[in-house]
Amino acid sequence: MKIEIRSSGNVQTIDREQEESLYSDARTPLHPPKKTVKLPLWVPAVTVTFFLLVILVLGVSVWSLNRSLRQQAQGESSQSDIRLPAVDPETGALTSPYLALSEINERALAYASLEAEQVTFITTKLNTKTVPVQYEVIFIKHGGTQYEYHLNAENGVLLNYWMQETDAEVDTTGFLSMAEARAIALECAGLKDAIFTRERLDPDNDVYCYKLSFYDAAGRVYTVHLLAAEGTVLRYEVEEPLQPDVRLISLEEAKQQALNRAGVKDAALATFTKQKRVGSVYLLAFTLEDGTQYTIELDGQSGMANTVDVVPVAADTSQFLGVAAAKMLALQKAGLTQQDAVTFTKAKIDRESAAYVYELDFETDTYEYEVSVHAVTGEVIKYKAWFR
């Protein structure tokens, strides 16, 4: 079969075989489909897991850095970076650069839409280590909800807050009011007026105490503990302001000097239960693995020991667990680990009910703990925890 093709006046005759060859290119797509490569299912899963691990590592690194900074801040001087108050020349009254504790409590209640009769205040304290300076307020609503508010210390603006259910309940029937407690504290310090920076209701050996901190116009910092019901003063302490031109050794240097004075070569064998500076003097206390307790007062300028008190353990400690093991058991009971921000405030061996026990006190940012561990068996004999 012949076919004529006319193009531009020309006539071309082709047969069927030539026709198939002529139009074969026309039937071929200009953009042929690409071949699809199918990845195994494990490839995207591995990729997502890798990115999640990277995010997790970064998160842990940031958390660890933040925790180390907090621990470093806790180890610094116990004196706050307070701003001295203005003094009225006529009345002698002090004017604080920050809102009063009573006013900050009222603002916290307003943010929580509660009345004073509905709650028990646990802690109100000024934190001058933060930017901006802030008040931290903790109170419990009757019925079981705990509130924690962080407010700007200068204007009372809400910065952060938390709420959680709790079964803690404090019966304040028969307790002195906080105003009465302040008056007793001022009388004890011989002051007519002061700037209060902390008020706390705290169980001390199952007896509730008010713990108050305040400072005067000269910057002297006072601490007074008194029974919440009777008003009896249990503790009084005053810290003289540090002169700005005095150069002191660091806390870590002071701790090392104390260990050297006790002949301790390995710092891991000692548990510091007190590390505090009062003026230009460091007050340090630590317990060794065998239970021996040291209390050392160091001159902050020279690093020389002013006083050294040693309380050795009279009992045979060869079968005892050791302070480090007792600390681990106490932390496990509290649901904590050594990686948590925990500060031990007491570690000693004592005889209790015809047996020797390790008495351990420690604290976190929100809780305080008292734990007694049997020195031989490791049994937890006593466990107490409460909000700071």
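Bear in mind that the values here come from a model prediction, so they are computed numbers and not experimental data. Residue numbers start at 1 and run along the sequence shown.
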Between [X] and [Y]: side-chain donor-acceptor atoms closer than 3.5 Å:
| X | Y | value |
| --- | --- | --- |
| His142 | Gln118 | no |
| Thr166 | Gln146 | no |
| Asn127 | Thr130 | no |

Exercise. What do the steps show when you test Leu283 against Val281 for side-chain contact (heavy atoms from CB on, under 4.5 Å), and what is the final call?
Worked result: CA-CA 7 Å; Leu283 302 178; Val281 175; 4.1 Å; yes
Exercise. Counting heavy atoms not belonging to Glu237, are there more than 12 under 6.0 Å from its CD?
Worked result: yes
Problem set entry | Greater than 12 external heavy atoms within 6.0 Å of Glu115's CD | no
Honestly curious: do [X] and [Y] fall in one hydrophobic cluster under the side-chain, below-4.5 Å linking rule?
| X | Y | value |
| --- | --- | --- |
| Ile122 | Tyr367 | yes |
| Phe320 | Met328 | no |
| Leu259 | Ile249 | yes |
| Leu284 | Met304 | no |
| Val357 | Phe362 | no |

In the structure I gave you, are the side-chain heavy atoms of [X] and [Y] within less than 4.5 Å of one another anywhere?
| X | Y | value |
| --- | --- | --- |
| Asn306 | Asp299 | yes |
| Leu151 | Leu159 | no |
| Thr366 | Glu148 | yes |
| Thr292 | Thr287 | no |
| Leu201 | Val170 | yes |
| Val376 | Tyr356 | no |
| Asp340 | Thr364 | no |
| Leu227 | Leu234 | yes |

For this session: Mind checking side-chain contact (heavy atoms from CB on, under 4.5 Å) for Trp386 and listing every partner two or more places apart, or none if nothing turns up?
Result: Arg200, Asp202, Pro203, Glu368, Glu370, Lys384
Looking at [atom1] of [X] and [atom2] of [Y], how far apart are the two atoms once the value is rounded to the nearest 0.5 Å?
| X | Y | atom1 | atom2 | result |
| --- | --- | --- | --- | --- |
| Tyr210 | Ser177 | OH | OG | 7.0 Å |
| Ser213 | His225 | OG | NE2 | 6.5 Å |
| Leu298 | Ser280 | CG | OG | 11.5 Å |
| Asp171 | Thr120 | CG | OG1 | 8.5 Å |
| Phe175 | Met178 | CZ | CE | 10.5 Å |
| His150 | Ile138 | NE2 | CD1 | 7.0 Å |

Seminar exercise, completed: Only residue of Val323, Val371, Leu329, Ile381 satisfying side-chain contact (heavy atoms from CB on, under 4.5 Å) with Tyr358 is Val323
When you check the gap from the basic side-chain N to the acidic O, do [X] and [Y] get nearer than 4.0 Å?
| X | Y | value |
| --- | --- | --- |
| Glu239 | Arg220 | no |
| Arg198 | Glu136 | no |
| Glu199 | Arg182 | yes |

For this session: Tell me, with the steps shown, if Tyr208 and Thr172 meet side-chain contact (heavy atoms from CB on, under 4.5 Å).
Result: CA-CA 9 Å; Tyr208 276 92; Thr172 59; over 6 Å; no
Heavy-atom pair of closest approach, residues [X] and [Y]:
| X | Y | value |
| --- | --- | --- |
| Ala189 | Tyr236 | CA-CE1, 3.8 Å |
| Pro97 | Tyr215 | CD-OH, 4.1 Å |
| Ala347 | Thr271 | CB-CG2, 4.2 Å |
| Ala194 | Leu186 | CB-CD2, 3.6 Å |
| Glu154 | Leu99 | O-CG, 3.7 Å |
| Tyr282 | Ser250 | OH-C, 3.5 Å |

For this session: Take Thr345 and Lys274 through the side-chain contact (heavy atoms from CB on, under 4.5 Å) test and state the conclusion after the steps.
Result: CA-CA 6 Å; Thr345 57; Lys274 187 174 187 178; over 6 Å; no
Problem set entry | Evaluation steps, side-chain hydrogen bond (donor to acceptor under 3.5 Å, both in side chains), between Thr145 and Glu165 | CA-CA 4 Å; Thr145 303; Glu165 295 302 319; 3.3 Å; yes
Exercise. Hey, do the aromatic rings of Phe272 and Phe344 have their centres closer than 6.0 Å?
Worked result: no
For this session: Determine whether the aromatic ring centres of Tyr161 and Tyr147 lie less than 6.0 Å apart.
Result: no
Parallel under 30°, tilted from 30 to 60°, perpendicular over 60°: which one fits the rings of [X] and [Y]?
| X | Y | value |
| --- | --- | --- |
| Phe139 | Tyr149 | parallel |
| Tyr383 | Tyr369 | tilted |
| Phe286 | Tyr294 | parallel |

Output a table of donor-acceptor pairs, distance under 3.5 Å, between side-chain atoms of residues 105-112 and any protein atom two or more places apart or on a different chain; print 'none' if there are none.
unit_1	atom_1	unit_2	atom_2	d
Asn105	OD1	Thr124	OG1	2.8
Arg107	NH1	Asn155	O	2.6
Arg107	NH2	Glu103	OE2	3.3
Tyr111	OH	Gly156	O	3.2
Tyr111	OH	Leu158	N	3.3

Problem set entry | Stepwise side-chain contact (heavy atoms from CB on, under 4.5 Å) check, Gln134 with Asn152 | CA-CA 5 Å; Gln134 60 185 248; Asn152 187 302; 5.9 Å; no
